[in-house]
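To keep things clear, I will list the structure first and then write my remarks on it.
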Amino acid sequence: LYHLKGCVTRWSIPVGLNNCAWDGKFFAFDEYYSFLGLIGAGHADLAKHVPSFRLNVCLEKAIHRAAQRGEEQAHFVWETSEYGEELSPPGFWYDHVFHMAVVALGAYEYYLFTQDTDFLKKCYRMIRACAQFYTQHMLYTDRDGRVYVGKCTDLERLGSSVENPFMTACGVIRTLECVVGAADALDTDREYRDECARLAAELRKSLPKENGRYVPHLGCKDRSIAVFAGKFPFDVLPSDDPYLLPAWRDFIEHESGFGN
């Protein structure tokens with residue numbers, strides 16, 4: 001808690017305030033873990049910096065990046081300055097999309113912890129825009145009716161152009177369910193709320209699994225800590241899911257060879 005409090009800035013929470021921690025840049029995925037530590041310990045005033053930063057500083061730029069006629073989409077950058085601009089050097093990490101999930105999740109979980117409906121009303125546009133990026137840009141339906149996530153970068157160690165990766169798919173499911181929960185709390189947007197609920201259910205059916213366990217992606221030759229994402233941070237699978245524990249055991253048995 002001392003460390004987290006010491007790292008909170010007037011904008012958000014960087015990985016660290018030194019040149020060994022990406023020079024104090026902001027990463028949505030890492031922000032979320034700091035947010036969760038603070039909000040879970042009762043420091044809502046400090047935790048609020050994270051969804052407020054994404055809402056007030058970054059959202060308009062994220063929407064502009066994913067400009068689309070019609071309904072708003074938000075595609076947040078990977079390494080963020082305090083102005084919401086991309087500071088990462090060019091690379092395949094630009095094709096990450098799972099960090100939109102924690103932007104939406106942090107905003108929704110702030111409401112769950114605090115019951116601050118007024119702030120949720122402000123954040124709903126952001127939560128919805130994150131979901132719209134997925135539903136309009138990243139989800140595909142094959143000729144058999146299977147809904148899946150298109151190619152993207154999941155964890156960098158797995159490389160680029162991975163189709164329907166487990167961690168990203170879990171993040172998409174959780175984002176869609178944030179729309180469901182927020183729309184229910186605000187009694188709004190019923191049509192899109194129902195579409196998100198349907199897509200989340202379909203995505204669960206297509207989560208990649210082989211040999212009786214979830215895998216980082218179909219045909220993956222590596223092991224990855226990504227297989228934990230079904231419970232943490234996204235918690236989209238029941239604890240008795242028969243494919244979940246075998247996936248964790250498989251990673252732990254090979255952890256020394258794959259790390260991450």
Any side-chain to backbone donor/acceptor pair from [X] onto [Y]? Under 3.5 Å, distance only.
{"X": "Arg223", "Y": "His254", "result": "no"}
{"X": "Asn56", "Y": "Ser52", "result": "yes"}
{"X": "Asn18", "Y": "Cys20", "result": "yes"}
{"X": "Arg65", "Y": "Phe76", "result": "yes"}
{"X": "Ser206", "Y": "Leu203", "result": "yes"}

What's the separation between atom [atom1] in [X] and atom [atom2] in [Y], rounded to the nearest 0.5 Å?
{"X": "Arg143", "Y": "Thr141", "atom1": "CZ", "atom2": "OG1", "value": "13.0 Å"}
{"X": "Lys25", "Y": "Ser88", "atom1": "NZ", "atom2": "OG", "value": "7.0 Å"}
{"X": "His99", "Y": "Tyr32", "atom1": "NE2", "atom2": "OH", "value": "16.0 Å"}
{"X": "Leu237", "Y": "Asp241", "atom1": "CG", "atom2": "CG", "value": "5.0 Å"}
{"X": "Ser34", "Y": "His3", "atom1": "OG", "atom2": "NE2", "value": "6.5 Å"}
{"X": "Ile63", "Y": "His75", "atom1": "CD1", "atom2": "NE2", "value": "13.0 Å"}

Discussion item. With a 4.0 Å cut-off on N to O distance, would you call Arg190 and Asp184 a salt bridge?
Written reply: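 Between Asp184 and Arg190 there is a salt bridge, with a charged N closer than 4.0 Å to a carboxylate O.
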
Is there a path of hydrophobic side-chain contacts, each under 4.5 Å between heavy atoms of I, L, V, M, F, W or Y residues, that connects [X] with [Y]?
{"X": "Tyr124", "Y": "Phe35", "answer": "no"}
{"X": "Phe27", "Y": "Met100", "answer": "yes"}
{"X": "Leu244", "Y": "Val172", "answer": "yes"}
{"X": "Val236", "Y": "Phe251", "answer": "yes"}
{"X": "Tyr94", "Y": "Phe26", "answer": "no"}

Do [X] and [Y] make a side-chain contact, defined as non-hydrogen atoms from C-beta onward lying under 4.5 Å apart?
{"X": "Val227", "Y": "Pro216", "result": "yes"}
{"X": "Thr80", "Y": "Arg54", "result": "yes"}
{"X": "Leu139", "Y": "Tyr148", "result": "no"}
{"X": "Leu59", "Y": "Val103", "result": "no"}
{"X": "Phe29", "Y": "Pro233", "result": "yes"}
{"X": "Lys151", "Y": "Val162", "result": "no"}
{"X": "Glu85", "Y": "Val77", "result": "no"}

Does either side chain, that of [X] or that of [Y], offer a donor lying less than 3.5 Å from an acceptor on the other one?
{"X": "Trp93", "Y": "Thr153", "answer": "no"}
{"X": "Tyr140", "Y": "Asn164", "answer": "no"}
{"X": "Gln136", "Y": "Gln73", "answer": "yes"}
{"X": "Asp95", "Y": "Ser160", "answer": "no"}
{"X": "Thr135", "Y": "Tyr192", "answer": "yes"}

Looking only at heavy atoms, what is the nearest atom pair of [X] and [Y], with distance?
{"X": "Cys152", "Y": "Met138", "answer": "CB-CE, 4.0 Å"}
{"X": "Asp154", "Y": "Phe98", "answer": "O-CE2, 3.3 Å"}
{"X": "Glu79", "Y": "Pro89", "answer": "OE2-CD, 4.1 Å"}
{"X": "Pro165", "Y": "Pro208", "answer": "C-CG, 4.5 Å"}
{"X": "Leu176", "Y": "Ala200", "answer": "CD1-N, 3.7 Å"}
{"X": "Gly230", "Y": "Cys170", "answer": "CA-SG, 3.8 Å"}

Worksheet item: Quick one: does NZ or CZ of Lys209 land under 6.0 Å from the six-membered ring centre of Tyr214, within 45 degrees of the ring axis?
Response: no

Fill in: From CA spacing to verdict: salt bridge (charged side-chain N to carboxylate O under 4.0 Å, His left out), Glu60, Arg125
CA-CA 11 Å; Glu60 294 299 336; Arg125 179 188 175 211; 2.8 Å; yes

Taking atom [atom1] of [X] as the centre, report whether more than 12 heavy atoms of other residues, nucleotides or ligands fall under 6.0 Å from it.
{"X": "Phe232", "atom1": "CZ", "value": "yes"}
{"X": "Gln115", "atom1": "CD", "value": "yes"}
{"X": "Lys231", "atom1": "NZ", "value": "yes"}
{"X": "Arg146", "atom1": "CZ", "value": "yes"}
{"X": "Trp248", "atom1": "CH2", "value": "yes"}
{"X": "Phe228", "atom1": "CZ", "value": "yes"}

Worksheet item: Centroid-to-centroid, His137 to Phe133, below 6.0 Å?
Response: yes

Practice prompt. Would you check if the distance from the ring center of Phe119 to the ring center of Tyr111 is below 6.0 Å?
Written response: no

Item to complete: Evaluate side chain to side chain contact (heavy atoms under 4.5 Å, CB included) for Phe92 paired with Glu156, printing each intermediate quantity in order.
Response: CA-CA 8 Å; Phe92 68 95; Glu156 289 174 24; 4.2 Å; yes

Fill in: Verdict with supporting geometry, Glu86 and Lys61, side chain to side chain contact (heavy atoms under 4.5 Å, CB included)
CA-CA 10 Å; Glu86 179 66 83; Lys61 291 182 173 66; over 6 Å; no

Item to complete: Let me see the working for Val179 and Tyr108 under side chain to side chain contact (heavy atoms under 4.5 Å, CB included), right down to the final yes or no.
Response: CA-CA 9 Å; Val179 170; Tyr108 179 57; over 6 Å; no

Item to complete: Could you walk me through whether Arg193 and Asp189 pass the salt bridge (charged side-chain N to carboxylate O under 4.0 Å, His left out) test, one step at a time?
Response: CA-CA 6 Å; Arg193 176 256 183 233; Asp189 207 11; over 6 Å; no

Practice prompt. Determine, stepwise, if the pair Asp222 / Arg157 fulfils salt bridge (charged side-chain N to carboxylate O under 4.0 Å, His left out).
Written response: CA-CA 9 Å; Asp222 299 329; Arg157 294 170 183 83; over 6 Å; no

Practice prompt. Check step by step if salt bridge (charged side-chain N to carboxylate O under 4.0 Å, His left out) holds for Arg128 and Glu71.
Written response: CA-CA 9 Å; Arg128 192 185 198 280; Glu71 297 183 87; 2.7 Å; yes

Item to complete: Take Thr117 and Leu186, measure what side chain to side chain contact (heavy atoms under 4.5 Å, CB included) needs, and give me the verdict at the end.
Response: CA-CA 8 Å; Thr117 306; Leu186 300 173; 3.7 Å; yes

Show me, pair by pair, the donor-acceptor contacts under 3.5 angstrom made by side chains of residues 5-16, not counting sequence neighbours?
residue: Thr9; atom: OG1; partner: Trp11; partner atom: N; Å: 3.0
residue: Thr9; atom: OG1; partner: Ser12; partner atom: N; Å: 3.0
residue: Thr9; atom: OG1; partner: Ser12; partner atom: O; Å: 2.7
residue: Ser12; atom: OG; partner: Glu31; partner atom: OE2; Å: 2.8

